[in-house]
Amino acid sequence: MTAMVLDGILPAERAVRSGPPHPLGNDGSWRVYPRTEQEIRDLLTHADREGLQVTVSGGGTKRGFGGQRKRYDLEISLAEYKGVIEHRAGDLTMTVHAGTPIRELAEVLAAHGQMLPADPRWPGSATIGGVIAANDTGPKRLAYGAPRDFVIGVRAATPDGRILRTGGKVVKNVAGYDMNKLWIGSMGTLGILLEVTVKLRPLPPDRGLLLIGFPAGAQGEIQTYVNRLQASSLEPVALEVLNPSLSARMAGWERDTLAIAFEDRPEAVTYQLERAEAERSGMTESVVMRGREAEDWWMRFAEITPDATASIDPERPLISAKVALKNTDVAAFVGKATEQAVQRKLEAFVHGGAGHGISRVYVRGEQEPVLHYLQVLRTFVEKRRGSLVSDQMPLSWRKHFDVWGYQRIPRSLMEGIKQSFDPNRTLNHQRYAGGI
Amino acid sequence: MAETGLSEKRTCSDQGLGHYLPGDVPDANKWADCVHCGLCLEACPTYLETGHEHQSPRGRVHLIKSVAEGKVEMDEAFMDPVFTCLDCRACETACPANVQVGGLIEEARGQVRRAVPVTGWRKQMSRLFLEGLFPHPERVNKLGQLLRFLKSSGLSSFARKSGLMKLLPQHLNLLEQVTPEPGEPLRKKYQEVIPAQGVTRARVAVLTGCVMDAVFGEVNEATVRVLTRNGYEVHIPQGQTCCGALHVHAGEREAGRKLARRNMEAFAEADHVLVNAAGCGCAMQEYPELFKEEPEMREQAEAFAAKVTDVSRFLHHRGFEKPKGEIRARVTYHDACHLAHGQGVREEPRRLLQSIPGVEWVEMPEADRCCGSAGIYNITQPKMAQAVLESKMEYVPEDVELISMGNPGCMLQMAAGVLQHGRNARVVHTMELLDRSYREGDKKEV
Amino acid sequence: MFRKKERHSDPLIRKLMKLVGKEHVLHRQADLVAYECDGFTLQRGKARAVVFPGETKEVSAVVRLLHRERVPFIARGAGTGLSGGATPLGGEVIISLVRMKKLLRVDLDNRTAVVQPGFVNLKLTQAISKDGYYYAPDPSSQYACTIGGNVAENAGGAHCLKYGVTTNHILGAEVVLPDGEVIRLGEDGIPDQPGYDLLGLITGSEGTLGVVTEITVRILKAPEGKQTILAYFDDVEDGSRAVSDIISAGIVPAALEMMDRTAIEGVEAANFPVGHPLDIEALLLIEVDGIEAGFQSEAEDIVDVCRKWNVREVKVAKDEQEAAAWWANRKTGFGAMGAISPDYLVQDGVIPRSRLPEVLNKIRAISQETGLRIANIFHAGDGNLHPLILFDAQKPGEKEKALQAGSRCLKACADAGGSITGEHGVGIEKKEEMRFIFTDEEIEAQTRIRSVFNPDNLLNPDKLFPQPGRCAEVKQEIKEQQGLKV
Ligand SMILES: Cc1cc2nc3c(=O)[nH]c(=O)nc-3n(C[C@H](O)[C@H](O)[C@H](O)COP(=O)(O)OP(=O)(O)OC[C@H]3O[C@@H](n4cnc5c(N)ncnc54)[C@H](O)[C@@H]3O)c2cc1C
Ligand code: SF4
Ligand code: SF4
């Protein structure tokens, strides 16, 4: 790989020779910034033909997510492949380049009173393509769903030079296999997402947020409250449990906190906030936020920790993990993760969706105690048939910790799918579950 | 069926069609309405029991059509699904396209009967019932006797040979146990005209029915009392005979036609022919179907059919005296197929019953699910009948005291179910309860 | 019922009988005729046998046997599919899942339910409604269709505008792969299992990737309340504009359905009439639900939008019974066509909602050109059209004309940037039309995926994808000839 070769594909100023390998891994000797589909396609086929190993990045917020290789030959960054291609406001759909950051998208939509039904982390830098490939979701997944629910079409390039469209531009479509699903969470192992068509929603007319602080360690009470709320006809869009250290930052108190969001017409938000308030017990305290204030709170929530582009403390790097469990195990997990962290004198932010089953752990510390901590949590989670995946960890640590955990899906199927898209293992080799 | 002008509806043919024999061929228009959507599947008791498509309304219609297309022979494999049909008409309620599955089945049975004469125990059985019994009121005067006779007669050895013995006696035993003490047949007890109490509002004729009169004479008496009390002069034409439903269900269409003619004659004078047995009412409303190929008779049959009404509907529509006597009981109601699906009578009996003081109403889930009685089905297809009954009993509320309904066959079958399951409920006819309330009310006033 | 003991001459049938019991195998000609098609009747074929396994183990054993003997096979639910997915093309063994019809578990706190594949869609809501829950995907066939069939077709329904289609409600599944291996996806309904989203891939794969033997679904809490609105328009375009404006007003109705004049004629002539005027051009049936305080004002806004677009009459259902009657009338709409036409072909195109008036005009033109009446019943909210092409198969040439008209309607949808099917699937019916929206390369990408699961193409062969490398026109001709043979 030389500058000359790349120069033939895209202008030299958009091919950058990288410095020393990134501690999180998943970079390339060269980083290129294509701006057209043709450039991406040429880069990919060139690499495939020449046997070069390629990785793909968007905003770089998931650089520490998976992967065993010290370095790839080429990093294709989609940071400059961005922008809205078509916004069909009347149809509530939009087609965008995969490298568009979430916030840019949200701003365009807000002007039309619409929104992307998603609240992933680090919206300022995370791109739509990256969010889909990493299947990143936030607390409002409870009501708005995950990428698998809002992606209705994809245009992608495969290493052998094919441009494949999956899905379409309409919200309902069952023609052929639902190939869209293959892109979601597949960590760029099958192709490079070029364009994405998503389903939109109208912006809610009003928002409300109720934070309830429970006495520390009162997981059982949180669960009881959640069950009661869920059995009522209220329609929360988020039911997120925060551990005390995270609460200290987000709510100003060191208690277990339940963050309950409602988004609807103002009269419906008021009514629901009142009913949710009325249900809480005397041992708790609460705060209510409305409108802009509530929205800002969630914005801060999306950036609890700096993303992977921030500088890394090599001794005590920030590690994060995504945990999937049954809804009713979430509060207990948050408690367990907190208690285990305290025992190990680790600082951990933990939160989990009591209505959608996804929890997240952010922990800082030295390698041994942190990996051990994660192992203990994983045991807890796998016993309950869930999964723990570490989505940020330095490359050197990943050698000692299988970030993906126990694989339930037969390997032959995983391999077969990879094979049918990328037979030469050109893209993001070994970055995915099961070493794919 | 709306006329669209889009397509000419095919007319009945005198010729055989596909593998059908000439004459009385299943009506092509009826199966043409079926769009094969399957919305009837879950309504069909035999499909629910077997899961077999050919034991479903859609499958049966498809088979009947396939014989016409010459793809399937009229052999045993065709007979099976055609004869396991309960003729409950639940599919007709469910069907968005108004397909008359029941009518098609009856026509197909007629064909089968002509093509494949009955042999063996089935023949004995059907002979006994259809020729020996039902057209002769005097012979049907006690089903209990009949059942006892059946058991002791040579018939059971037929049954034993065919492996039927294991099931049949048990079921018959049950039926026998639940058969009430014989009342006096109405036709013997009353004269032909029974005057109204008070001012005469109208004159009505009543069909006494064979099973009803023989086994549930009480119900007929109750019906007469309720009617006369509501100001109707009741006529009981002596010339009347069995309605023929069982014959038509069994594919004996010629016999059915004979009986139909006699009844049309017997009731010629009547303006209203009231029926308290769902199956009979339904069959009489469908007399025109029997005369598809005789235009003149068909017209007469249509005029006759228009006069036939279920007694509960008649009372409800014309207004009835509110009963005053208290009946303190938890009451539920079972929709006889031939009332609910066959005649669309659902609300009327419920309103009558709910008007009785003291009644605590308990709605039965899936109330219009067949109980498996279906004429003599519980005798000819005991295994399926039992399975259907079992499913039905799951829906009968545990703690009711009275289960009301409007069909004698159902009354026997449900009573068998109640007995089998050791329930405490009593099975009654809607008219009985209404009558009881009237009489209780009178006592009080006196 | 009382058959002579028979020892079947086909050894395969004997083996099947051994695996599932004699009474659970059908093989006589007359018994098989009933299985020659599903809800799509224009093409039919004969199965070799029908087996009724009672549990996953039996499914797996049957599949293993068929795989070993290289006999093609098809899974079948209620057979209400509208694209021929469960129709044999000749010689397949049908694995009917209707005996596996149990509701296995309900977990209200986690809002999940586990069902066997033969469990009927509507039964789920019936079973949990006493606790105030329901299962959202509600195809109009929900009285009869199975959840296994729903998964295979990724069925939609009137209420998927707000709540999503089947795939959005499937959390886990047990699947028997075409070689008999049993796999579980989405353990306990826990989301985001690491690895490719096979659950999402299998949902909507029309029974070509595996036989689904157990399903974990999401159940929802019934909304606090709902309001149903019925609006009559003298002009289809006014109706379409009202649809767009409702959505633009930031309202996401639970359902937003439309019927045109011919469709109204059909439903009013059929078994569930509600007295719609017969001289209107379009009706909208709209449902809003949620928190009382919110949807009441939404309903008012909807009424205002309808007025703005010259509605002749708009009314809010006065009670649940009235709303239920309106819905029964709508949901039995397809079957109702039987009341005004001997045969119908239902199509299932999708378009961007904003192109509604334009595509409806095209469909009208197709109707005029072919001389066949076309009724439209559709999910207007998400642009899912159901042109119902009315014809009489007994009239020479009409069936072919109907097939052509259907195909042209789909072309119109594809040209408007839409899709050839929104919920009924491709099956055998729309194989060729796949080319309207996918390139050969894109189709091949999909058949490669099929090969990963189903390398020998024994499971539901020759469905879903056009034969590679053959010109579409030629195929269309072949299809018509096949149509003729029926
Ligand atoms: C009147 C009517 C209205 C309809 N309305 C709608 C509607 O509103 N929305 C909608 O989406 N559809 C609708 N349909 C289509 C149809 O009901 C759906 O496609 C339904 O999901 C089919 O379910 P089924 O059980 O009948 O499946 P079948 O027809 O038996 O099978 C359909 C397909 O699924 C496969 N299959 C079935 N079970 C399994 C299994 N367990 N594992 C793997 N594969 C399996 C079969 O091989 C076949 O390919 C309607 C149909 C009719 C007749
Ligand atoms: S009449 Fe009853 S048993 Fe016969 S097909 Fe219809 S529903 Fe089934
Ligand atoms: S519901 Fe009616 S139209 Fe549909 S399959 Fe059954 S009989 Fe035929």
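The sequence lines fix the lettering, A, B, ..., with proteins before strands; numbering per chain opens at 1.
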Most contacts with chain C, counted as non-hydrogen pairs under 4.5 angstrom, among [options]:
{"options": "Glu415(A), Arg384(A), Lys322(A)", "answer": "Lys322(A)"}
{"options": "Gly176(A), Ser387(A), Ala146(A)", "answer": "Gly176(A)"}
{"options": "Asp178(A), Val226(A), Val389(A)", "answer": "Asp178(A)"}
{"options": "Gln407(A), Arg408(A), Gln114(A)", "answer": "Arg408(A)"}
{"options": "Gln223(A), Arg148(A), Lys169(A)", "answer": "Arg148(A)"}
{"options": "Leu203(A), Ile417(A), Ile358(A), Val171(A)", "answer": "Ile417(A)"}

Requested in this report: Only counting residues at least two apart or in another chain, list the ones meeting side-chain hydrogen bond (donor to acceptor under 3.5 Å, both in side chains) with Tyr177(A).
Outcome: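 Thr208(C).
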Query raised in the report: Only one of His87(A), Glu86(A), Arg88(A) forms a side chain to side chain donor-acceptor pair (under 3.5 Å) with Thr95(A), so which one is it?
Result: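 Testing each of His87(A), Glu86(A), Arg88(A) against Thr95(A), the sole residue satisfying side chain to side chain donor-acceptor pair (under 3.5 Å) is Arg88(A).
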Highest number of heavy-atom pairs under 4.5 Å with chain A: which of [options]?
{"options": "Ala249(C), Gly132(C), Pro352(C), Gly204(C)", "result": "Pro352(C)"}
{"options": "Ser244(C), Gly164(C), Ser248(C), Ala445(C)", "result": "Ala445(C)"}
{"options": "Asp109(C), Asn154(C), Asp107(C), Leu464(C)", "result": "Asp109(C)"}

Does any heavy atom of chain C fall under 4.5 Å from the side chain of [X], the backbone, both, or neither of them?
{"X": "Arg228(A)", "value": "neither"}
{"X": "Ser232(A)", "value": "backbone"}
{"X": "Ala268(A)", "value": "both"}
{"X": "Leu92(A)", "value": "both"}
{"X": "Asp206(A)", "value": "neither"}
{"X": "His112(A)", "value": "neither"}
{"X": "Asp264(A)", "value": "side chain"}

Query raised in the report: Can you list the steps and then say if Val243(C) with Arg353(C) is a side-chain contact (heavy atoms from CB on, under 4.5 Å)?
Result: CA-CA 8 Å; Val243(C) 170; Arg353(C) 184 170 35 230; 4.0 Å; yes
Query raised in the report: Can you name the one residue among Asn454(C), Leu209(C), Ile183(C) that meets side chain to side chain contact (heavy atoms under 4.5 Å, CB included) with Leu177(C)?
Result: Ile183(C)
Query raised in the report: Which pairs pass ring pair (Phe, Tyr, Trp, His ring centres under 6.0 Å) with one or both residues in residues 164-189 of chain C, sequence neighbours excluded?
Result: none
